[in-house]
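Worksheet for the structure shown next.
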Amino acid sequence: MSRDPATGQAPFRKMQNRSQTITLVGAGLTGPLLGISLAQRGFRVQIFERRPDMRLIRSSAGRSINLAVSTRGIHALREAGLWDQMSRIIIPMKGRMMHSLTGDLTFQPYGQNDTEVINSISRADLNVALMNAAEAQGVTIHFGERCIGMDWTTGGARFRNEETGRESTIASEVVIGTDGSASALRLDMQKLGRLNFSQDNLDYGYKELTIAAGPDGKHLLESHALHIWPRGSYMLIALPNIDGTFACILFLPFEGRESFATLDTSEKALHFFTERFADAVPLMPQLQESYSSNPTGSMVTVKCAPWRVDGKVLLLGDAAHAIVPFFGQGMNCAFEDCTVFLELLDRHGPNWPTLFQEFEAARKHNTDCIADLALENFVEMRDRVADPRFLFRKKVELALEAKYPQRFVPKYAMVTFHRVPYSVALSRGKIQDRLLAELCDSIARIEDLDWKKADSLIHRDLTPLETL
Ligand SMILES: Cc1cc2nc3c(=O)[nH]c(=O)nc-3n(C[C@H](O)[C@H](O)[C@H](O)COP(=O)(O)OP(=O)(O)OC[C@H]3O[C@@H](n4cnc5c(N)ncnc54)[C@H](O)[C@@H]3O)c2cc1C
């Protein structure tokens, strides 16, 4: 079967599903995307979201940051027929632009060419576009309804209206928790006593700040790059917005000598920025005000299992596997959950117990792996990108990939530009790190690379990668 030429969307079997209602908890990024695809397949979909409708009340509440969308997320959006529309509100970022203490700039490309980019998008704009598309597909979104758990005897999901306090129990065939890292549904599943659960809070927080647009609405820094001010134990990053501004995030320890605890006034923050991120300060006229008024966010890795209760309840996205944001994969991974879920649905039909079981079997190990990769990447971003030896190895990686595109694909590329399972990216990444160390440790110039040795190591240790 061929794709729809107008939307690029894959065809799917429209099932006789009108009699089945699916309840989704949470209209963040994943709920509406999954809702769209389920409605396209003929299900009646209702989403319950605890916040008010952000299209009517723009509440930033620390969630106005930009996100990097890459191949896995793009694939899911394309499958839902939404990527063409989204691609109008993104800015491609071709690499990292590192800012040294003295303001020197070093550019490190992410991939081999201009198609291997990550795409900056405003979380709020993406969320609004997804909700609009869901409603256009017939999905009903109920706002101001907080999930307070399940009625496990009837299988109904329980909600409390945030304004009136009225409680209701909503019946449906299945309930899917897309209610994020602090999932209420997951909390209620824990009470059943079968859920294994771990939560690791990072001892770093983050704060959103902004780089202003130039007087003519132009970007004041290179717009097709993700900017990083790596400073060892902390960092500032900036992602471009289509209005000429940059959304910045300061990642800093909660406690310690240079931390949110010690930078407890906007004057101290300004002094710190002037010393540590000097070239950014003139671009941030609202720095002091934003530093004081914006909340300090926290970051968490959540691992749990099982993600399901019989064929009735399933967790998906951050509710099942929240990760720290340093590989730019949380949403991409959650969107890939949707891809896998829908492939299984198209294969099995709404045989929910089998579907939920196979979904978890396909995803659990992979989501554990991206959680580990994301933690690893934090050290790379805040510290190693400032190290010339590290940048040299990155150059060698790209050269090896150019010569052996089937066998040597850098870990970053496997995660970001391919759809190979995250577990494969993790395990091949370890082998490649070892090979790189062997090839690079005694040389300082790419011209001195021993290609004969590279050829034999790569053919010995790396089979051709099956990319999707
Ligand atoms: C600083 C930062 C930067 C990030 N950058 C990236 C990036 O560049 N790329 C990337 O792929 N990912 C990134 N992420 C991760 C990404 O934001 C998440 O993985 C993604 O939002 C998960 O989507 P979700 O739908 O599962 O959860 P969410 O988007 O968090 O949505 C959950 C929804 O459920 C609602 N809800 C919560 N509790 C209830 C309840 N009891 N009842 C009803 N509704 C409820 C919430 O209000 C929310 O609307 C970043 C995260 C952070 C913190």
Side-chain angles (χ1 to χ4, degrees), residues 23-35 46-54 59 61-74 76-77 90 93 118-124 126-128 130-131 141-150 157-162 170 175-188 202 204-208 226 237 239 247-251 294-302 315-338 367 370-371 374 377-378 381 415-416:
T23 298
L24 300 178
V25 182
L29 300 178
T30 317
L33 178 64
L34 186 63
Q46 49 188 3
I47 308 183
F48 292 81
E49 163 60 48
R50 81 173 151 79
R51 291 178 308 192
D53 189 343
M54 60 165 21
S59 132
R63 303 291 278 170
S64 62
I65 40 182
N66 276 30
L67 302 160
V69 187
S70 53
T71 297
R72 296 166 203 265
I74 293 171
L77 289 165
I90 54 139
M93 299 180 288
I118 59 174
N119 302 284
S120 176
I121 191 167
S122 138
R123 175 193 288 274
L126 175 59
N127 211 153
V128 165
L130 286 168
M131 288 194 290
I141 310 179
H142 304 271
F143 293 95
E145 294 286 343
R146 177 188 288 270
C147 179
I148 49 171
M150 288 290 294
R158 296 172 53 230
F159 296 93
R160 182 184 304 127
N161 186 281
E162 293 284 72
I170 305 294
V175 180
I176 302 181
T178 50
D179 51 345
S181 57
S183 169
L185 210 53
R186 187 185 67 223
L187 194 68
D188 207 38
L202 207 62
Y204 279 72
Y206 70 91
K207 199 176 277 282
E208 298 166 33
L226 188 152
I237 66 168
L239 282 79
C248 306
I249 312 179
L250 170 68
F251 294 98
N294 290 351
T296 305
S298 56
M299 291 165 283
V300 66
T301 301
V302 170
L315 301 174
L316 191 142
D318 272 19
H321 47 70
I323 63 176
V324 294
F326 307 108
F327 224 122
Q329 282 295 308
M331 167 196 61
N332 287 292
C333 172
F335 283 6
E336 190 172 65
D337 279 358
C338 298
T367 58
I370 189 60
N377 220 45
F378 186 27
M381 281 181 87
V415 169
T416 310

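Just so you know, ligand 1 is whichever comes first in the structure, and atom 1 is the first atom listed for that ligand. We count residues from 1, following the sequence as given.
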- Numbered in order shown, the ligand 1 atoms found under 4.0 Å of a heavy atom of V25 are 42 (N), 43 (C)
- Message: Side chain, backbone, both or neither: which applies to F48 and ligand 1 if a contact is any heavy-atom pair less than 4.0 Å apart?
- Response: backbone
- Message: Does ligand 1 come near enough to A68 that some N or O of the ligand is less than 3.5 Å from an N or O of the residue?
- Response: yes
- Enter the distance from C147:SG to R186:CZ here, rounded to the nearest 0.5 Å. 12.0 Å
- Item | Within reach of ligand 1, part of L185 (heavy-atom separation under 4.0 Å) | neither
- Query: Counting from 1, what ligand 1 atoms have a heavy atom of T30 closer than 4.0 Å?
  - Reply: 23 (O), 24 (P), 25 (O), 26 (O)
- Going by the atom numbers of ligand 1, which of them fall below 4.0 Å from some non-hydrogen atom of I65? 1 (C), 2 (C), 3 (C), 52 (C)
- Task: Please step through side chain to side chain contact (heavy atoms under 4.5 Å, CB included) for the pair N119 and I74, ending with a clear verdict.
- Result: CA-CA 9 Å; N119 302 284; I74 293 171; 3.5 Å; yes
- Query: Counting only N and O atoms by type, is there a donor-acceptor contact under 3.5 Å from the side chain of N332 to the main-chain atoms of R72?
  - Reply: no
- Message: Quick test of your reading of the structure: of M331, M299, H321, R123, whose heavy atom lies closest to atom 51 (C) of ligand 1?
- Response: R123
- Do N332 and ligand 1 have an N or O pair less than 3.5 Å apart? yes
- Nearest heavy-atom pair of D188 and M150: which atoms, and what distance? OD2-N, 2.7 Å
- Between the candidates A27, A374, G28, which shows the shortest non-hydrogen contact distance to atom 31 (O) of ligand 1? G28
- Message: Tell me the nearest of P52, C333, G180 to atom 27 (O) of ligand 1, using heavy-atom distances.
- Response: G180
- Among I370, D318, I237, closest by heavy atom to atom 20 (C) of ligand 1 is D318
- Task: Counting heavy atoms only, name the option from G330, A157, C147, C338 that's nearest to atom 15 (C) of ligand 1.
- Result: G330
- Query: For the residue pair F159 and F48, does the interplanar ring angle fall in the parallel (under 30°), tilted (30 to 60°) or perpendicular (over 60°) class?
  - Reply: parallel
- Task: For ligand 1, indicate whether the residue L29 contacts it via side chain, backbone, both or neither (heavy-atom separation under 4.0 Å).
- Result: both
- Query: Counting both backbone and side chain atoms, is some N or O of G317 under 3.5 Å from an N or O of ligand 1?
  - Reply: no
- What are the two closest heavy atoms between F251 and P325, and how far apart are they? CE2-CG, 4.2 Å
- Message: Do F378 and M299 have side chains that approach each other closer than 4.5 Å (heavy atoms only, starting at C-beta)?
- Response: no
- Any idea which of M54, E49, E208 brings a heavy atom closest to atom 47 (O) of ligand 1? E49
- Message: Checking contacts here: is it the side chain or the backbone of I323 that comes within 4.0 Å of ligand 1, counting heavy atoms only? Could be both or neither.
- Response: neither
- Query: So which bit of R146 gets within less than 4.0 Å of ligand 1, heavy atoms only: side chain, backbone, both or neither?
  - Reply: both
- Task: Tell me which part of A184 gets within contact of ligand 1: side chain, backbone, both or neither, using heavy atoms under 4.0 Å.
- Result: side chain
